[in-house]
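Since the structure comes first, as structure tokens, the remarks are kept for the end.
Numbers for residues simply follow the sequence, beginning at 1. Atoms considered below: every heavy atom in the structure, side chains included; atoms not considered: hydrogens, waters and symmetry mates.
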Amino acid sequence: MPRLAAVDIGTNSTRLLIADVERHGMADVERIEKVTGLGRDSTRSGRLAPESIERTVQVLAGYGRRIGSAGVAGARAVATAATRDAVNGEEFLAAARQALGFRPDVISGEEEAELCFLGATTRNGDPGRTLVVDIGGGSTEIVTDQGGLSVNIGSIRLTERCLPTHPAAPEHLAAARRFAAEAMGQAVLGQRPEALGTAGTWTTLAAIHQQFDRFDPAHVEGAGLSLTDLEVMVARLGRLTLDQKRTIPGLDPLRAPVILGGAVIAETALRSLGLESITVTGYDILDGVCLALAEEAGLTTST
């Protein structure tokens, strides 16, 4: 039973999956998420801030130790929007390599979309019937089995561009919706009867909607969110101060500054894609990276 590891270095969070490859798929050994804000304050400067690099590298060092002690047969780390767009991305990658013990790969938006789709659909129905929407901190991927695209808008970038205050001023919220709609305007894909929302924004919104005392990935798996649910959440989040957001059950306080931006993107994605609702899944790019590693090694992971 080969063991594999994947690390996702995103604009807002840095995550680890260690999984055993089984005959009919994978079994999680450990799945960890830390909000590190690598891309925080980089929207205008185009640079990763030293403190953001330091936070992320500290988490990566811990992940490196876990991977080293787990006896993995293969590992890959992928860095997404924040790193690929930053003028000092190489500075971060050098520090990340030292912390992890191997160099992360900076992947394109297209590869990110493919890996998100692979991971989200592997345990969720028929890929040929499914559209996947992955909302990150720096980009949003919209993809089907026929391909997809990466839109250069995410919860951090929309917040820094359009939502500077808590509560959000009505004109700022209107501007955020317009900007998101313009960005999503290119996302015209073939219709699919099923839609999956993956990554931290979706799982957090599901936890908030279900009023969980604390976030539990197992409880949000398969949860549904309608367009009306998201409109209500955007209105609610827009009225709250930052301190009020930090007390919302099910919301990691570290996500509080950008959750409204993520909710606006989620709402806009459904409206732009003509969807009335979406199903939330915790399976994502981490699973896609592990599955791709398994396939490269000739391991059987089909169901």
Side-chain angles (χ1 to χ4, degrees), residues 4-19 30-43 45-68 70 72 74-116 118-120 134-141 150 152-157 160 198-201 203 252 254-255 258 262 282-293:
L4 300 171
V7 178
D8 170 34
I9 306 169
T11 302
N12 195 40
S13 61
T14 302
R15 304 179 306 125
L16 168 69
L17 172 63
I18 298 174
E30 190 169 33
R31 192 182 290 258
I32 305 174
E33 176 174 341
K34 301 288 186 181
V35 176
T36 57
L38 177 62
R40 196 176 300 166
D41 300 323
S42 67
T43 301
S45 69
R47 299 183 63 85
L48 303 176
E51 58 271 22
S52 299
I53 292 176
E54 182 179 357
R55 281 193 306 269
T56 305
V57 167
Q58 287 179 350
V59 169
L60 290 174
Y63 290 174
R65 290 190 291 271
R66 289 175 179 273
I67 292 170
V72 302
R76 187 188 187 198
V78 295
T80 55
T83 307
R84 66 176 172 250
D85 294 342
V87 296
N88 60 338
E90 282 298 323
E91 173 190 341
F92 166 68
L93 290 169
R97 178 176 184 173
Q98 185 173 4
L100 268 176
F102 57 95
R103 181 182 171 89
D105 295 327
V106 181
I107 60 173
S108 67
E110 290 73 20
E111 184 177 1
E112 185 177 358
E114 292 171 1
L115 290 170
C116 290
L118 177 62
D134 181 310
I135 301 173
S139 66
T140 296
E141 283 62 51
S150 181
N152 199 28
I153 183 175
S155 60
I156 284 182
R157 287 182 174 171
E160 292 181 354
T198 183
T201 290
T203 56
D252 182 341
L254 293 175
R255 284 191 180 274
V258 300
Y283 301 117
D284 53 30
I285 192 172
L286 288 171
D287 301 84
V289 171
C290 280
L291 286 166
L293 285 173

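Closest approach of Tyr63 and Arg15 over heavy atoms only: CE1-C, 3.6 Å. Smallest separation of non-hydrogen atoms from Ala292 and Leu115: CB-CD2, 4.1 Å. Nearest approach of Leu17 to Cys290, heavy atoms of both residues: CD2-SG, 4.0 Å. Scanning all heavy atoms of the two residues, the minimum distance from Thr14 to Val59 falls at CG2-CG1, 4.2 Å. The two atoms that bring Ala75 and Phe102 nearest to each other are CB-CZ, 3.9 Å, heavy atoms only. Between Gly262 and Ile135, the shortest heavy-atom distance links the atoms O-CD1, 4.1 Å.
In this structure a side-chain-to-backbone donor-acceptor pair under 3.5 Å is missing from Ser52 to Gly39. Here the side chain of Glu30 pairs no donor or acceptor atom with the backbone of Ile18 at under 3.5 angstrom.
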Chi angles and distances behind the side chain to side chain contact (heavy atoms under 4.5 Å, CB included) call for Asn152, Asp85: CA-CA 10 Å; Asn152 199 28; Asp85 294 342; 3.6 Å; yes
Pair Glu112-Val78, side chain to side chain contact (heavy atoms under 4.5 Å, CB included): steps then yes or no: CA-CA 9 Å; Glu112 185 177 358; Val78 295; over 6 Å; no
Side chain to side chain contact (heavy atoms under 4.5 Å, CB included) between Val7 and Leu60, worked out: CA-CA 9 Å; Val7 178; Leu60 290 174; 3.8 Å; yes
Trace of the side chain to side chain contact (heavy atoms under 4.5 Å, CB included) decision for Asn12 with Val35: CA-CA 6 Å; Asn12 195 40; Val35 176; 3.8 Å; yes
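For the salt bridge (charged side-chain N to carboxylate O under 4.0 Å, His left out) test with Glu90, the passing option among Arg97, Arg103, Arg47 is Arg103; the others fail.
When the shell of 6.0 Å around CD of Gln98 is examined, it contains 12 or fewer heavy atoms from other residues, nucleotides or ligands. More than 12 heavy atoms of other residues, nucleotides or ligands lie within 6.0 Å of CZ in Arg84, so this atom counts as buried by the packing criterion.
Put simply, the side chain of Leu93 reaches to within 4.5 Å of the side chain of Thr83, judged on heavy atoms. Side-chain contact between Glu33 and Asp252: absent, with no pair of heavy atoms (C-beta onward) separated by less than 4.5 Å. Considering only heavy atoms from C-beta on, Arg31 comes within 4.5 Å of Tyr283 through its side chain. At a threshold of 4.5 Å between non-hydrogen side-chain atoms, the residues Glu114 and Glu141 do not count as touching.
Atom-to-atom distance recorded for Leu48:CG and Asn88:CG is 4.5 Å, nearest 0.5 angstrom. The CG atom of Leu4 sits 11.0 Å away from the CD1 atom of Ile67 when rounded to the nearest 0.5 Å. Thr140 OG1 to Asp134 CG: the interatomic distance, rounded to the nearest 0.5 Å, is 7.5 Å. The CD1 atom of Ile107 sits 4.0 Å away from the CD1 atom of Ile285 when rounded to the nearest 0.5 Å. Rounded to the nearest 0.5 Å, atoms OG (Ser13) and CD1 (Ile156) are 8.5 Å apart. Interatomic distance, CD1 of Ile53 versus OG1 of Thr36, reported as 11.0 Å (0.5 Å rounding).
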